Amino acid sequence: MARPDSDLLTVIQERLRPFPRDHFLSVTDLNAQTARELLDLADGFVELNQGSAKSLDLMAGRTVVNLFFENSTRTSASFEIAARRLGADVISLSPRASSVAKGETLIDTAATLNAMKPDILVVRHSASGAADLLSQKVGCAVVNAGDGRHEHPTQALLDLLTLKREFGDVGGLTVAICGDVAHSRVARSNVALLSMMGARVRLVGPPTLVPGDADRWGCEVFHDMRQGLEGCDVVMMLRLQLERMQGALVPSTREYYRFWGLDREKLKVAAPGVRVMHPGPMNRGVEIDSDIADDPVISLIQTQVEMGVSARMAVLAGLSLRREGAGL
Amino acid sequence: MSAPVWIVNARLLDPTSEYDGPGAVRVEDGRIADVVRSAAFVPFDDRETIDAGGLCLSPGLIDIRVKTGEPGAEPKETLKSAALSAAAGGVTTLVIQPDTAPAVDDPAMVDFIQRRGAALGLVNILTAGAATQGCEGKLMAEIGLMQEAGALYFTDVDQVIADSGTLMRVMAYATAFNALIACRPHDPWLSKGAVATSGELATRLGLSSVPAIAERMQMERDLALVEQTGVRFLVDQISTAGALETLDRARLRGLEVAASVSINHLRFNEVDIGDYRTFYRMDPPLRDENDRLALIEAVRDGRIDVITSAHSPAPAEDKRRPFAEATPGAVGLQTLLPAALGLHHEDDLPLLDVLRPMTVGPAELLGLAAGRLATGAPADLILFDPDAPVVIDADALRSKSKNSPFDNRRLQGRVERTWVGGRSIFSA
């Protein structure tokens with residue numbers, strides 16, 4: 001097996017720090033300094049992942065359990081690949097959350113898994129606060145891979161890594177987060193992390209999807225997309241669940257597309273060199289035109305997916321090192 | 001390009017400028033090109049001049065609550081028969097209600113109504129859009145696209161959006177477009193099956209009735225949601241004194257809401273249903289005399305922004321039934337002006353105060369340029385004799401349905417001429 005470049009390994013070793021907390025439940029577990037350190041490490045992993053020899057042994061002997069109560073392809077795969085590249089043993093489970101009373105199942109399942117002594121539990125659940133609850137019941141480190149509409153901290157981290165590599169520094173950038181902010185954990189994590197890093201964040205969408213008091217999060221709120229996009233450096237589109245677009249919160253997909261779907265026309269008012277992001281999966285022709293999603297210059301959507309593995313490697317490696325330091 | 005026309009020797013009535021006095025108006029290219037507020041005016045160009053003979057010249061009436069049967073119930077009324085009726089009644093702009101079959105709940109239907117209306121070449125036919133799909137109170141309708149297509153406001157008409165969550169989302173959504181939402185307040189459970197207002201009369205007649213408070217209760221809810229969402233709002237068809245008190249309180253708290261009342265509730269009370277006269281069956285039902293007097297006072301002091309005809313055609317076969325089975329509502333386009341002038345002749349309201357809620361009041365609410373005697377405004381004008389005695393003959397009304405509660409009533413006020421966009425469309 002080919003070994004990764006030794007200079008690169010040195011760089012990674014130098015950048016490796018214990019994660020600042022026992023768990024990664026929210027972007028508020030980071031501060032600007034620790035986030036920057038994590039990004040530097042992730043940057044090293046990007047280089048590693050772009051080479052042909054991608055395997056390390058930083059987590060050899062460690063066990064990572066992916067516990068996804070909600071369906072997921074990309075996040076689950078991303079964590080799994082990240083853990084494997086660090087040399088960890090990984091199992092991925094997707095118990096049905098809906099079939100049983102949720103709170104009970106969650107704690108029971110956690111207790112059962114905990115007894116098998118994993119080192120890191122990566123959890124996604126449809127209830128806000130589920131990861132936090134779990135972290136109180138287990139002896140391993142918990143990574144929140146999405147809890148209800150609350151947080152998705154590794155998504156925010158990979159978005160930040162994507163922006164860092166594209167723009168150098170996010171400080172001073174104007175980022176418009178557009179669409180279903182109300183139900184989006186991606187939005188909540190990104191608002192907090194981007195603000196922490198000095199970006200100006202705007203929230204754009206219909207009043208039924210952007211809570212009126214969202215301006216108290218320190219963001220500017222726009223219900224008119226053109227006003228919201230004016231002068232923006234980055235447009236971050238959110239996924240809108242189709243069932244919310246048939247009259248409950250938005251009258252129809254065509255009305256949504258007309259007023260809040262991202263097309264070239266609306267993007268014209270953004271800053272020159274604007275970049276477009278989307279956490280996926282996309283509703284093409286509803287919240288975003290394929291024309292933009294597939295534009296190799298404007299769209300960072302594929303890059304986001306790529307950055308996901310490296311950002312998660314940085315988190316897993318950091319947590320693992322912290323456990324090592326604690327003699328666990 | 002039409003030649004300029006002077007209408008001279010008129011008594012101008014313009015609620016916007018509060019002018020009630022002699023004068024002349026020049027019309028050019030469908031617009032008012034000049035307004036002269038003086039009796040001693042002789043036009044210096046010798047082209048066409050119309051002598052008003054001292055009659056009243058005012059902006060044409062704007063009626064924001066008109067039902068027709070098109071599409072879906074054409075035997076009752078078509079856009080054409082409604083437009084002819086409006087022209088003869090001095091109504092130059094009418095706003096169609098969206099509870100047609102199918103409902104006006106998407107931009108194609110808005111376009112359909114406007115095109116059909118424009119093709120008639122009579123009065124301005126505009127439309128409201130449904131607030132929810134099919135006016136069913138469940139799923140939001142395409143408010144943004146309909147407003148872009150020209151819908152003036154959004155309402156489920158007589159259907160209550162009972163689910164407060166749905167109404168709040170509709171209102172919140174509408175704020176993105178600064179759209180106007182209208183709700184006719186009535187508690188759907190209290191008013192279920194009711195055909196009269198609760199009181200001694202309904203009890204004696206043995207009719208199912210709804211208490212006046214059903215209106216206030218629902219309005220309290222609606223206004224609380226307006227306060228929560230900040231939506232532009234019209235309280236549609238107030239009929240009780242209690243609802244007026246609620247309106248006053250809301251406005252005292254700084255809430256900017258508009259309110260409308262139907263002409264029927266200003267001219268009739270519950271006693272008019274007498275011996276089960278179904279032509280006086282209305283929805284909301286005709287109320288107590290004290291309610292009627294309170295509504296008149298509210299018009300007098302400007303708390304009511306809009307008076308509507310509540311035009312609601314129903315053919316004889318739907319009206320000549322036992323009271324509880326008869327279709328509620330009345331036609332009113334053609335009788336709106338003489339009926340409203342009763343407020344002047346019987347209740348001593350100045351003519352300008354009678355005209356305001358039928359001209360500039362609705363125009364300001366809906367953002368229309370009409371409804372004013374001002375340079376640049378559309379030349380939608382009516383010439384009328386406010387004192388001429390008339391006896392209403394329902395059979396002679398131009399509406400396809402003849403369900404007028406004014407049949408055989410003696411009123412005062414006759415429309416002599418109606419112009420829309422400077423074009424004469426009616427002459428008595």
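Side chains are part of it too, since the values below use all heavy atoms of this structure and drop only hydrogens, waters and symmetry mates. Here is the naming used below: chain letters follow the sequence lines, and residue numbers restart at 1 for every chain. Quantities reported herein were computed from a predicted structural model and do not represent experimental measurements.
Note on A/P206, A/A248, A/G205: by heavy-atom pairs under 4.5 Å with chain B, the leading option is A/A248.
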Candidate polar pairs, chain A side and chain B side, donor-acceptor under 3.5 Å:
| residue | atom | partner | partner atom | Å |
| --- | --- | --- | --- | --- |
| A/G247 | O | B/M140 | N | 2.8 |
| A/A248 | O | B/R169 | NE | 3.1 |
| A/P251 | O | B/Q133 | NE2 | 3.4 |
| A/S252 | OG | B/E142 | OE2 | 2.5 |
| A/R254 | NE | B/E142 | OE1 | 3.3 |
| A/R254 | NE | B/E142 | OE2 | 2.6 |
| A/R254 | NH2 | B/E142 | OE1 | 2.6 |
| A/R254 | NH2 | B/E142 | OE2 | 3.4 |
| A/E255 | OE1 | B/G144 | N | 3.4 |
| A/E255 | OE1 | B/L145 | N | 3.1 |
| A/E255 | OE2 | B/G144 | N | 2.7 |
| A/E255 | OE2 | B/Y173 | OH | 2.7 |
| A/R258 | NE | B/E148 | OE1 | 3.2 |
| A/R258 | NE | B/E148 | OE2 | 3.2 |
| A/R258 | NH2 | B/E148 | OE2 | 2.2 |

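In this structure, B/A172 and A/P207 approach most closely via the heavy-atom pair O-CG, 2.9 Å.
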